Amino acid sequence: MSRKERAKPLILDFYGFKDEHHKFLEQILVAFPLKCNFCKSVIRASIKITSNWVGHLRTNHPEEFKNYSELKEKSAQSFHVKRNVVANLHNFVRVTKKFNYNHPIQRKLDKQLVRLVVNSSMPLSLIDHPDFKLFLYQLNSQFRTSSRKRLSNTLVPMLYNDVFNKINLKLKESTTVTVTVDAWTDARMKAFLGVTGHIIDKEWNCLSFLLECKRIHDNHTSENIKNNYMEIINKFDLGDKISHIITDNAANMVAAFKKTSLISSNLLKDIEDYSTSCDEAIMDFVERVNYEHENNDEECEDDTLCDASDSQSTDSCKFNYNLPDSIFSSISCGAQRLSCIAHTLQLVIKDALSDVTQVERAIETVARLISGINRSYLSKEKVEKLNKFFVKKNETRWNSQYLMIKSFLEFSEEELEFVFERRNVITAVQRNVLQELVLVLEDFSVITNLIQTDKFSIGHILPLIRGLKYELNKLPYLRYCDKIKSNLLNSLDKRFNYLEANSIYPLAAILTPAYGKKWLKPEEINKWDNELLAQLEIFLSNHPLLNNDQMQNKEITEPCSKKIKCLSYLNDSQQMVDQTFKKNQINFQDYINQINKSNISCLNTQVFWQKHESDWPELAAFAKFVLNIPATSAPVERIFSVGGAILRPSRRCLGDDLFEKLMFLKCNLNLFKN
């Protein structure tokens, strides 16, 4: 049938209409008679208006009319099916005109898709799910959906290289970089070495990057850790930019970063010129640590082995780990290892609790009770009814013991009786012991939480440690925990005595506007004034500054911060001095005068130096150098929590290379939101 031929009405099959007359239907415009096949009656109607024929069939032949109606319904359904097929075919042809992979919109959507998968820790197989593909089609029918293979082999590496280059550019713009290093074993018992980098940019923003979470093989020896660390550093071509390395107190970490191969040739020459005995003592220390603790991953209890800055006495010589002025001040002289303050602070608490039997028994009782609660769903329901909760002790989490005791003490005797279904869950003496313990450890908990933040530099450490001692000495006599108080004071002196021996901690504290010289004793002020000016002179001789034209005065409002209890001892009296100084001395004194005029709670380090950088450019550059050092290794330990979220039980077949890239992107993508 041609396009112009009219379709034959179905009613004609019930009348004397011959098929050979079908080609003349278009020419028959008027009504014409047809004889009924059943009663031979002649009925007139037309092709356009067939109601007479249909009416005759309905009135006189109902059974045949029923057959006619069924045929008509089937014909209509067939017509709609054919029309839908044509429409779908048209849509298919239209949809197959997808974006090319190099199309700007396609590339932008691909990157956004990778960001979604990475930031939400979704399984990569999601992209092959039919419902997800349909969802993407509904959003943009021209978007070319990728496969899991393309996602893992092309898109993830492409975004990884993009972020890697941006981080590398940021690191090259900075004059110094500080790194934190730690090792981690995942749920599959695979070992990784994590390294984070920290800089302060031109706007005084503290930036932290995950440089790499690298799979390491064999034992966690100092040599193995050192080699893998150097591979990561060389990938970013940091060279001598690294000024300090922050690690925990594990013996293999201490030994790894005492190796002379980590130190540049300039540093070795300075050490040789400084003292032959120093060189011998360093070698003796490294060899002894390697010999005794080569495969030891746990934290060392011996102070002489815990910290790279501790002083070590031997029969042959008394060696001070402080390097000469030029070594401290010049970045080209190699990186210096510093201990994580948080780890050392936890060792202080461990020391204090180790030999107080009554306290240890009370803590064990509480830990046992809470452990039993977590094994009984009935007990858990009772706790939920009280709208409270118990914190379980976790050996790998700082402050967990303190939080466990504090959460337990929030339950009254009646509530404990309701939960445990017995009276006198703990004795009155044990409750008093725990209450005194919480009072003693409260400031330690506050400081531990503070120093774990990303922007918390070593400039806060010495004032806070002195503040801890001040608050402990202020405590009244404690009936049960007085020995713990004295143990804490002794352990603080023992484990943190290196802070004042290493110049960088006092100088960082002085250059932190919230403290200045207020934390110093009167007899210490002149000593550290002279030390800072001497270090500043050496620093400037090794580091060219930006032109003053690049530094502009900034109108910035400094936000007020919350006052910390253990800093109440700071001396707020102004120390104005009217003398003649050299340029650096004048700048330093102007800085001291400025912070003495300000409210301590409104001295934000970043905002203060951003505002006054143009006033004292030399001092600001030196402050940026020392304040770029994190107080703890918490940044690198935080990324291991990210790794645990990525390696859920359903995703433990990820290859090492893909896992490392996902970790890198997950930790760094939010730094480049645009």
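Worth saying up front: this structure is predicted, and the values here are computed from it rather than measured.
- The CD1 atom of I447 sits 3.5 Å away from the CG atom of L468 when rounded to the nearest 0.5 Å.
- Taking the six-membered ring where tryptophan is involved, the planes of F640 and W184 are essentially parallel, since the angle between them stays under 30° and well short of 60°.
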Q.
Go through it in stages, so that I can follow the logic: the residues are E660 and R215, the test is salt bridge (charged side-chain N to carboxylate O under 4.0 Å, His left out), and I'd like the CA-CA distance, side-chain angles, deciding distance and then a yes or no.
A. CA-CA 8 Å; E660 291 172 12; R215 173 76 190 279; over 6 Å; no

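- Partners of R148 according to the salt bridge (charged side-chain N to carboxylate O under 4.0 Å, His left out) rule, which considers only residues two or more places apart in sequence or in another chain, do not exist here.
- Annotation: ring pair (Phe, Tyr, Trp, His ring centres under 6.0 Å) contacts of Y402 (sequence neighbours excluded): none.
- In this view, T448 and L345, Q346, W398, N399, Q452 satisfy the side-chain contact (heavy atoms from CB on, under 4.5 Å) rule, not counting sequence neighbours.
- No hydrogens or angles considered: a donor-acceptor pair under 3.5 Å links the side chains of D615 and H612.
- The distance between the ring centers of F622 and W616 does not fall below 6.0 angstrom.
- Ion pairing between a basic and an acidic side chain is recognised when a charged N comes within 4.0 Å of a carboxylate O; K214 and D657 show no such pairing.
- Scanning for side-chain hydrogen bond (donor to acceptor under 3.5 Å, both in side chains) contacts around S208 gives H198, with sequence neighbours left out.
- Crowding of Y101 atom OH: a count of heavy atoms from other residues, nucleotides or ligands under 6.0 Å exceeding 12.
- Side-chain N/O atoms of Q606 and N205 include a donor and acceptor closer than 3.5 Å.
- Minimum heavy-atom separation, R188 to L654: NH1-O, 2.9 Å.
- A side-chain donor-acceptor contact under 3.5 Å links K241 to the backbone of L171.
- Applying the 6.0 Å contact sphere to NZ of K392 captures no more than 12 heavy atoms from other residues, nucleotides or ligands.
- In this view, R107 satisfies the side-chain hydrogen bond (donor to acceptor under 3.5 Å, both in side chains) rule with no residue, not counting sequence neighbours.
- Every side-chain contact (heavy atoms from CB on, under 4.5 Å) that L134 has, sequence neighbours left out, goes to Y137, Q138.
- Remark: T178 engages N628 in a side-chain hydrogen bond (donor to acceptor under 3.5 Å, both in side chains) (not counting sequence neighbours).
- Side chains of N228 and N224: a donor-acceptor N/O pair is present below 3.5 angstrom, by distance only.
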As a quick check of understanding, evaluate ring-ring contact (aromatic ring centres under 6.0 Å, His included) for F99 and F143, giving each step before the final call. CA-CA 6 Å; F99 291 130; F143 175 63; 7.9 Å; no

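- The salt bridge (charged side-chain N to carboxylate O under 4.0 Å, His left out) search around K133 returns none, not counting sequence neighbours.
- Legend: residues meeting side-chain contact (heavy atoms from CB on, under 4.5 Å) with K624, ordered by chain and number and at least two apart, are I200, W204, E613.
- For K666, the salt bridge (charged side-chain N to carboxylate O under 4.0 Å, His left out) test picks out no residue, with sequence neighbours left out.
- Partners of K111 by salt bridge (charged side-chain N to carboxylate O under 4.0 Å, His left out), not counting sequence neighbours, listed by chain and number: D162.
- Between the side chains of K393 and Q401, at least one donor N or O sits under 3.5 Å from an acceptor N or O.
- Taking P157 as the reference, K661 meet the side-chain contact (heavy atoms from CB on, under 4.5 Å) condition, with sequence neighbours excluded.
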Are R150 and D110 close enough, and set up right, to give a salt bridge (charged side-chain N to carboxylate O under 4.0 Å, His left out), and what steps lead you there? CA-CA 11 Å; R150 182 171 182 265; D110 278 340; 3.5 Å; yes

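- Ion pairing between a basic and an acidic side chain is recognised when a charged N comes within 4.0 Å of a carboxylate O; K202 and E173 show no such pairing.
- S407 contributes a side-chain N or O that, together with a main-chain N or O of M404, makes up a donor-acceptor pair within less than 3.5 Å.
- For the 3.5 Å distance criterion, the side chains of S339 and N249 qualify, holding a donor opposite an acceptor.
- Of all heavy-atom pairs between G459 and L627, the closest is CA-CD2, 4.4 Å.
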